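Right, one structure below, let's go through it.
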Amino acid sequence: MGARMKHERWKNNFSEWFDEALWNAKIMETRYPVKGLYVWLPYGLKLRNRVLAIMRELLEETGHEEVLFPLLIPENLFKKEAEHIRGFEGQVYWVTHGGKDKLDVRLALRPTSETSIYPMFALWIRSHADLPLKIYQIVNIFRYETKMTKPLIRLREVTTFKEAHTAHATSEDAKAQVRAAVETYKKFFDELGVPYVITKRPSWDTFAGAEYSIAFDTLAPDGRALQVGTIHNLGQNFAKVYGLEYEKEGGAHEYVYQTCYGISERVIAAAVMVHGDDLGPCFPPRVAPVQIVIVPIPFKGEEKSAEKVAKRIAGELKAAGFRVHLDERDLRPGRKFYEWERHGVPLRLEIGPKDVKQEQVTVVRRDTGERFTISLKVVNREVRKILKQINKEMRARAWKSFLNSIRDLKDLGEIKKVMDARAGIVRAPWCGKEACGKAFEEKTRGSVLGEELNDKRMKGVCPVCLKPAKTSVLIAKTY
RNA sequence: GGGGUCGUGGGGUAGCCUGGUCUAUCCUGCCGGCUUCGGGAGCCGGUGACUCGAGUUCAAAUCUCGGCGACCCCA
């Protein structure tokens, strides 16, 4: 592991690092002239599609069906859920005109789709036989952010919002669905090698209209928590507003119990940051737009032979299903190495005179910088093994560094120090009372992520009221 | 919600304080050529910018106000 795997800029100048990483890797174009809107570039879009493919696979295999609802929601429907709208009030874009005519009914650009989907649920759900109903869609949503915007992280148009909505006959079924969604999301983040903590959000930070909310948070290199997924148990709150009743076996009617859960392109930001180093991103082979780049090293007299072998290997690997790019440009090899490293391509194959002569190929890992050779005869098999290994090791490294950034503390002053230093997540004992939870936030300047789902309780007393702790909370500076 | 800094070719910048000599600096990229090729090569030629609007002034990249945009801090 050499100078190339440094994490100095990555850690100490994270904000700049992130913008440059997106630019150098050609993921996003950030110069679109409207605040908070960005352009997906071809390479970035390929990455996005890989990530979405995993998402779709996981949802389909757990019985969700994909749908696509309209972007526009009429004001009357939108405002029906008074409590819900309070959550997005002031953040909604309105369409007020059609051509030169002022619209009688204003249309909201969806900030999320509950208010457009649930009225349709009311038409679709008649009896218990229609339940459970599990759908999802991957759409863009609009939120009028007044704060600073940041590509992939804080957007006015979230271009990639996966939202699942389910309806169930009983409260128990809805709760079970929440647990199932947690499991699905775990698998999803594991595929990306993105580490996380799972918390039950505190009462004062619950999604408008939800009974309770569960969230996944990861950690940015600057020590701030980044929420990358949320799961809500909506109980019958929306069902009552939108009249989602079903007929039970005995003929009685009851409101359905609902859940919804979402993940956005923030998860791509997370993948970029947790696996990055000073050179830029390094994508796990599972989602890398290009998994293997092949660079032929030409040499005097026999320019063609390296090229020929490179072409053959590229063809073989492609046929075996790998995403391969053969870089035949007339540039010096060093330049190509550098460029592909900045694109986060996890594996590079070099084929030069020595390699051709010895019937081998030189292999370089992006994540570790490790360099070695493998025989041409077994390229296919070896590459498969190495990519798998890289996936595994990248995930393990990310988790290790993540867990090192979570510390158990029992003193408010010490917690505040961690918050001020942006040094990660703190676990602290908690009596469970809302007043004490809010006091945590006031006295440490951090945000309470919530109560950890895996029940890692800390012993001791609540540092605010000094009464015995019933549970523990996670606290962090957040995005 | 409050406060601050900033905006110069595709990217990064010098110049601005103290208006004129700016026909706007340098690095990089990009295009063409030569030469090279196992870690960002070199040489020659070329391309390309003062965020927008209003104002002050004989004169504005430079000063004033506003819009749009970027970044930072605090609540």
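As the structure is a computational prediction, the values presented were derived from the model and not from experiment. Note on naming: letters A, B, ... go to the chains in the order of the sequence lines (proteins, then strands), and numbering restarts at 1 for each one.
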Query - A:Phe69 atom CZ, over 12 foreign heavy atoms within 6.0 Å - result: yes
Query raised in the report: Should we say atom NZ of A:Lys35 is surrounded by more than 12 heavy atoms from elsewhere, each under 6.0 Å from it?
Result: yes
Query raised in the report: A:Arg445 side chain N/O closer than 4.0 Å to the phosphate oxygens (OP1, OP2) of B:A75?
Result: yes
Query raised in the report: Taking OP1 and OP2 of B:G38, is either one under 4.0 Å from a side-chain nitrogen or oxygen of A:Arg332?
Result: yes
Query raised in the report: Do A:Thr362 side-chain and B:G38 base share a donor-acceptor contact under 3.5 Å?
Result: yes
Report task. Tell whether A:Glu341 reaches the base of B:G39 with its side chain through a donor-acceptor pair below 3.5 angstrom. Result -> yes
For atom [atom1], what is the distance between [N] and [M], given to the nearest Å?
N	M	atom1	value
B:A70	B:U25	P	29 Å
B:U13	B:C74	P	24 Å
B:C34	B:C71	C1'	44 Å
B:C50	B:C73	P	32 Å
B:G29	B:G12	P	15 Å
B:A61	B:G53	P	13 Å
B:C17	B:G32	C1'	43 Å
B:G9	B:U51	P	7 Å

Given [options], identify the nucleotide with an atom nearest to the side chain of [X].
X	options	answer
A:Ser15	B:G69, B:G1, B:C72	B:C72
A:Pro298	B:C71, B:G38, B:C37	B:C37
A:Arg422	B:G38, B:G39, B:C73	B:C73
A:Glu350	B:G38, B:A41, B:G1	B:G38
A:Arg31	B:A70, B:G11, B:G38	B:G11
A:Lys35	B:G39, B:A41, B:G69	B:G69
A:Lys354	B:U36, B:G38, B:A70	B:G38
A:Thr146	B:G1, B:G39, B:C37	B:G1
A:Trp23	B:G10, B:C30, B:C37	B:G10
A:Asp355	B:C73, B:C37, B:G38	B:G38

Requested in this report: Could you tell me whether A:Trp399 and A:Tyr196 have their ring centroids closer than 6.0 angstrom?
Outcome: yes
Report task. Specify the residue among A:Arg156 and A:Lys477 whose closest nucleotide of RNA chain B lies further upstream toward the 5′ end. Result -> A:Arg156
Query raised in the report: For RNA chain B, what string of dots and brackets results from 5' to 3' when Watson-Crick and G-U pairs need both distances under 3.5 Å, crossing pairs get [ ], and pairs with another strand get |?
Result: (((((((..(((.......[.....))).(((((.......)))))....(((((..]....)))))))))))).
Requested in this report: Determine the contact category for A:Lys336: base if any of its heavy atoms lies under 4.0 Å from a base atom, sugar-phosphate if only primed atoms, P, OP1 or OP2 are that close, otherwise nothing.
Outcome: nothing
Query raised in the report: What integer distance in Å separates A:Lys416:NZ from B:A75:P?
Result: 8 Å
